[in-house]
Amino acid sequence: MMLLRAERSGLYKAPSMKSSAKQPASPQNPALSPSHLDFPVVGIGASAGGLEAICTLFRQMPGDCGMAFVVVLHLSPDHQSVADRIIQETTQMPVRQVTEPVPIERNHIYVISPANRLSTNDGYLRVTPANRRRGDHVAIDLFFRDLADVHKDHAFCVVLSGTGADGAVGLSRIKEQGGVTLAQTPDDAQYDSMPRAAIETGMVDLVLPAAEMPQKLLELWRNARQVRLPEIEDDTLPPALGTRAGDAQACEPMLEEILLQLRSNTGHDFQHYKRATVLRRIERRLHVTGQADLAAYLHYLEQHPAESRALLADMLIGVTNFFRDREAFEALERHVLPQLACERDPAEGADEIRVWSAGCSTGEEAYSLAILVCEQLALEQRTSKVQVSPLTWTNAPSPLPAVAPIPKRSSPMCRPAGCASSSSRKTSITGCEKRFAKRCCLPVITCCRTHRSRRST
């Protein structure tokens, strides 16, 4: 409603939403550069009881597997970690605790030092002081997020034994960007909270005991090298693990057959989706199912009815995030919200601003709008009630308690590439987001900010 009124008054001209290879549709952190590595990087997250599972995994992993491994463990910043030495006793691969920027090399294992946050970019691992505030751990989520954005379909992730839910949000990001996700079988884990939280997202591809994961990772890497697909026009992708060659038009008949089979089995028609997006989603299924090309995958699809549901789930993976479509939010902030906050229509009530957010997936867009409105009111030194009504395809209201305060955009939860995990029901965006996803609907959220906040840039 807010956008419609602004367009009619000539205040706002919607920017183009078309994506290009240089400006992908999925949200990106502009500080991250696509990977140039031609081998998989496996992120492993674990907490309580996880070190034993990690040692079990590496005992079965050959020293010349051709992959790089990055281990993120929940450790006290005051505790001197010996995890690298313990892991080194189980493997022939070099194990290094990361305390400074290091290049990522195949057949190497990297372990985060206790007091730091680990990030990855341009083929390097870097550490920064964690400065973690009180609350749940988010180190695994944050690393998985960067791993997904940089390494795309080269990223595999594994969630092992641990308490809490760290890794569940970042794992979803891995799958969204074309990577493969694994979780330890809860019955095999010493502490099953982290694996269960990951599995409950519905974004885990494979659930296995720790001892069976090495063989599956080797199979995934072997399958990826055998994949043959036409060129995908996207400059943000790293070098292909398999072979990308030939004209996409040449495979169009086979692609049409796959989409027809999908429509026949699920009732969903993807004929008009962008071919680059369709090919990337199918490529992920080729990796998971072990098929080498479109012809083999079509045969597999015909022989395995359950694969149609799996492909559908991949095609419908949400790519929503806080402040996604940056141009649109900047246009709102510059051209719409100042007048909306200053020139209220008396007939609509001077002390209330209502915003409807349609098709907002798991709620990040609605919260982004709420943050913008509250910041504008703070800038104008006005106190108004702000009501944000997120609407999904179900449009089934299910009231939740008011959520306040709305975080600033500088908060880690609101940065473009994801948000941190939290168990708080009162103030956590992520907590509400997870409840929204479970209910498949978004209730009306009412919030009020009366203090002046510092605007983020």
Should [X] and [Y] count as an ion pair when the cut-off is N to O under 4.0 Å?
| X | Y | value |
| --- | --- | --- |
| Arg275 | Glu252 | yes |
| Arg280 | Glu283 | no |
| Asp314 | Arg284 | yes |

So, [X] versus [Y]: side-chain donor-acceptor pair below 3.5 Å or not?
| X | Y | value |
| --- | --- | --- |
| Gln97 | Tyr110 | no |
| Ser161 | Gln190 | no |
| Glu257 | Gln261 | no |
| His74 | Asp166 | yes |

I need the [X] [atom1] to [Y] [atom2] distance, nearest 0.5 Å.
| X | Y | atom1 | atom2 | answer |
| --- | --- | --- | --- | --- |
| Met315 | His268 | CE | NE2 | 11.0 Å |
| Thr181 | Arg173 | OG1 | CZ | 14.5 Å |
| Leu332 | Glu327 | CG | CD | 12.5 Å |
| Gln177 | Ser172 | CD | OG | 12.0 Å |
| Leu206 | Leu182 | CG | CG | 5.0 Å |
| Met67 | His154 | CE | NE2 | 13.5 Å |

Do the side chains of [Y] and [X] get nearer than 4.5 Å, heavy atoms only?
| X | Y | answer |
| --- | --- | --- |
| Leu279 | Pro230 | yes |
| Val70 | Leu147 | no |
| Glu302 | Tyr300 | no |
| Leu125 | Phe143 | yes |

List the atom of [X], the atom of [Y], and the distance in Å for their closest heavy-atom pair.
| X | Y | value |
| --- | --- | --- |
| Leu51 | Ala83 | CD1-CB, 4.3 Å |
| Asp141 | Ala168 | OD1-N, 3.4 Å |
| Gly50 | Leu160 | O-CD1, 4.5 Å |
| Leu372 | Leu337 | CB-CD1, 3.5 Å |
| Asp188 | Pro209 | OD2-CA, 3.5 Å |
| Phe144 | Cys157 | CZ-CB, 3.8 Å |

- Heavy-atom neighbours of Phe39 CZ exceed 12 at 6.0 Å: yes
- Message: Run the side-chain contact (heavy atoms from CB on, under 4.5 Å) test on Phe329 and Ser368 for me, step by step, so that the C-alpha distance in whole Å, both residues' side-chain angles and the decisive distance to 0.1 Å come before the verdict.
- Response: CA-CA 9 Å; Phe329 279 106; Ser368 299; 3.8 Å; yes
- Message: Could you go through Val71 and Ile112, starting from their C-alpha distance and side-chain angles, then the distance that decides it, and tell me whether this counts as side-chain contact (heavy atoms from CB on, under 4.5 Å)?
- Response: CA-CA 7 Å; Val71 178; Ile112 185 174; over 6 Å; no
- Task: With side-chain contact (heavy atoms from CB on, under 4.5 Å) as the test, would you mind laying out the steps for Gln271 and Leu260 before giving the verdict?
- Result: CA-CA 8 Å; Gln271 296 284 337; Leu260 285 172; 3.6 Å; yes
- Determine, step by step, whether Leu229 and Leu286 satisfy the side-chain contact (heavy atoms from CB on, under 4.5 Å) criterion, reporting the C-alpha distance in whole Å, the side-chain angles of both residues, the deciding distance to 0.1 Å, and the verdict. CA-CA 10 Å; Leu229 285 175; Leu286 294 182; 4.0 Å; yes
- Note on the structure: Only one of Asn265, Leu259, Leu262 passes side-chain contact (heavy atoms from CB on, under 4.5 Å) with Leu311, and that residue is Leu262
